[in-house]
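Beneath this line is the structure, given in structure tokens, with notes to follow.
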Amino acid sequence: MRPALDSWSLRDLPGAFLAQELRYVGAVDTNTSPRVRFAPSPTGYFHVGSARTALFNWLFARRNHGTFILRIEDTDEERGREEWVSGILSALAWLGLEYDEGPYRQSERSALHADALTRLWDGGYLYACGCNREEVLERTKGNQTPGYDGHCRELGLAREGRALRFRTPRDGITVVKDVVRGLVEFPHRAMEDFVVSKANGSPLFVLANVVDDIDMGITHVIRGEDLLPSTPKGILLWKALEGSAVELPVFAHLPMLVNEKRQKLSKRRDPVSLEYFSEQGYLPEAFCNYLSLLGWSHPSGKELMTMEEIIQSFSLEDINHSPAFFDVVKLTHMNGEHIRLLDADVFAARSSAWLDTAPVPWARDHFDMDTYRRIAHIVQERVATLAEIIPMVDFFFLESPIYDQAAIESLATNDTTRKIVTMALDIYSRCTWAPDALHEATAAMGNEIALKLSRAQAPVRVAVTGKRVGPPLFESMAILGRERVLARLHAFAALVARTTPE
RNA sequence: GGCCCCAUCGUCUAGUGGCCAAGGACACUACCCUCUCAAGGUAGAGACACGGGUUCGAAUCCCGUUGGGGCUGCCA
């Protein structure tokens, strides 16, 4: 299905290409150190598809001791917005994908693009076009091959004030050599004379993208598969600019990330920004780990990996062909695994830092780091996201717990509740204040009225934490302290009395 | 419509002609563990889209069909 890379280097490369390769013999560094770029356009918030592309570029650069370049493709001043640019920057920062060069702004490189345009014009590769979209559509309505009909191709129109089109060869094909797809052939007759610059003179994507790639010495173009159809256009431009014998970059078109309807993830249609994941308490390393598994897999099949492990085994050749659905459920599970991988003190530090800016129900100055440190390891082994910590520890930092109404009501109609609370008030005021002793005391209490521990602890749990589920009760009580526990039991008794229906 | 890409459990994938009565992970089910909830452990259910070839032998190679997707902008 996919020809080996070296099979085509011998077979279909022209002699000139081989000569080109020979020039680099001895020039060790330029030939062995790859240069890749992540080139987002600031036309929407940063979503997971962009993150995956950025990650794969970064992984490839790190694996091969190459250079990872960030280039903002902001040539469309109509759609670009400055806040989207900072969104890109902060997303990359959160992901931990630091770039070695950039951020370059394409809009600041217009002199370069203008120069390329002039060279192409002078070389006869371009022609001016005065048609507008409506006219073209009108003329080509019934055509077999869609797109521009070449109306102005031989008109010899003056360049000024007109859009410029590339004179696509009528015959022949352009072959895209792609590491993940193999050789992909595009017949020229199915390619239109595409526009390279607008009537106002500003360059379009294909042009600016290629000119900048050439200028920056990009060796590997790693991007989404949606860009595959525009690649032959880029190659045509590349050859027009650099000569047909030029050494093209290695292309790697990554399979699309799709939504539940198997459509390409879109900024408008699938509003899941990266910000959401950091706000929900996903760990960037877990996020990257999960993302790395979308279209790529470790040769051993290992899934839970550190960034270092991923870097060490990452390779473009191992990327698969099919689109992948971004599954938040699996991401969440993996996030939990990464949380559990953390050293206890690291978890305490990172999670408390996250809590610091998260929406929490307690007053900020009621948060107590010493208490948190004591409970953190218990929380660590049962949450999948940092956001799940909040309801699990809130009762430590609240004056009185947030009561689960359903729990209160069901306990209030239960006779044993009152008994247990009364007994608990008594026994907890006398017993040793330690998890084991509290465990025994509660079990003994249950024994007296023939209740299993699971039943006997329930009212106590609700009284102390406000909820039916939570961290281990006796450890929590030990940390909370005898006074506060007793106070909550009293308050709870009153609450139950008030709630009890006659 | 045209061009291009893709096709293994619900999902992400392993698989590059025999080691596959198809392996792993998430989700699901049952059980174990257990003070609740998780975590953890064990077991289970679950897929090669279809049809033709090639071959002693095909999930793997070829052709076709079907299905899905991408592109088709003076967006990127």
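Just so it is clear, the structure is predicted and the values come from calculations on it, not from any experiment. In what follows, chains carry the letters A, B, and so on, assigned in the order in which the sequence lines appear, proteins first and then strands, with residues in each chain numbered from 1.
- Taking only side-chain nitrogens and oxygens, A/Lys452 never comes nearer than 4.0 Å to OP1 or OP2 of B/U34.
- Counting only residues at least two apart or on different chains, the salt bridge (Lys or Arg N to Asp or Glu O under 4.0 Å) pairs with a member in residues 285-296 of chain A are A/Glu285-A/Arg350.
- For A/Tyr372, the side chain to side chain donor-acceptor pair (under 3.5 Å) criterion is met by A/Ser351, not counting sequence neighbours.
- The ring pair (Phe, Tyr, Trp, His ring centres under 6.0 Å) test applied to A/Tyr290 returns A/Phe326, not counting sequence neighbours.
- OP1 and OP2 of B/C74 both lie 4.0 Å or more from every side-chain N or O belonging to A/Asn200.
- If you check the side chains of A/Asn289 and A/His338, you find a donor sitting under 3.5 Å from an acceptor.
- The side chain to side chain donor-acceptor pair (under 3.5 Å) search around A/Tyr99 returns none, not counting sequence neighbours.
- Considering only side-chain N and O atoms, A/Arg165 lies under 4.0 angstrom from the phosphate OP1 or OP2 of B/C74.
- For A/Asp149, the side chain to side chain contact (heavy atoms under 4.5 Å, CB included) partners two or more places apart in sequence, or in a different chain, are A/Arg139, A/Thr140, A/His151.
- OP1 or OP2 of B/C35 has not a single side-chain nitrogen or oxygen of A/Thr442 nearer than 4.0 Å.
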Identify all pairs in which a protein N or O lies below 3.5 Å from an N or O of nucleotides 26-32 of chain B, and state each distance.
residue, atom, partner, partner atom, Å
B/C26, OP1, A/His333, NE2, 3.4

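- Residues passing the ring pair (Phe, Tyr, Trp, His ring centres under 6.0 Å) test with A/His47: none are found, sequence neighbours excluded.
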Report each atom pair, protein N/O against N/O of nucleotides 64-66 of chain B, whose distance is under 3.5 angstrom.
none

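- If you check residues 220-229 of chain A against RNA chain B, the residues with a heavy atom closer than 4.0 Å are A/Glu225, A/Asp226, A/Leu227, A/Leu228, A/Pro229, listed by number.
- If you take atom P in B/G52 and the same atom in B/U60, they sit 14 Å apart, rounded to whole Å.
- OP1 or OP2 of B/A76 has at least one side-chain nitrogen or oxygen of A/Thr75 nearer than 4.0 Å.
- A sub-4.0 Å separation between OP1 or OP2 of B/C75 and a side-chain N or O of A/Lys198 is present.
- For residues 36-56 of chain A, the pairs satisfying salt bridge (Lys or Arg N to Asp or Glu O under 4.0 Å) are A/Arg37-A/Asp213, with sequence neighbours left out.
- If you check distances only, the side chain of A/Arg461 does reach the base of B/C35 with a donor-acceptor pair under 3.5 Å.
- Residue A/Arg262 places no side-chain N or O under 4.0 Å from the OP1 or OP2 atom of B/C5.
- The pair A/Glu475-A/Arg374 does not meet the salt-bridge criterion, since no charged nitrogen lies less than 4.0 angstrom from a carboxylate oxygen.
- For A/Arg382, taking side-chain heavy atoms from C-beta onward, the closest of the listed nucleotides B/C5, B/U36, B/C3 is B/U36.
- The base of B/C5 does not come close enough to the side chain of A/Arg181 for any donor and acceptor atom to sit less than 3.5 Å apart.
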Between side-chain atoms of residues 447-459 of chain A and protein atoms elsewhere (two or more places apart, or another chain), which donor-acceptor pairs fall under 3.5 Å?
residue, atom, partner, partner atom, Å
A/Gln457, OE1, A/Arg461, NE, 3.0
A/Gln457, OE1, A/Arg461, NH2, 3.3
A/Gln457, NE2, A/Ser454, O, 3.1

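- Listed by chain and number, the residues in a ring pair (Phe, Tyr, Trp, His ring centres under 6.0 Å) with A/Phe314 are A/Phe56, A/Trp296 (sequence neighbours excluded).
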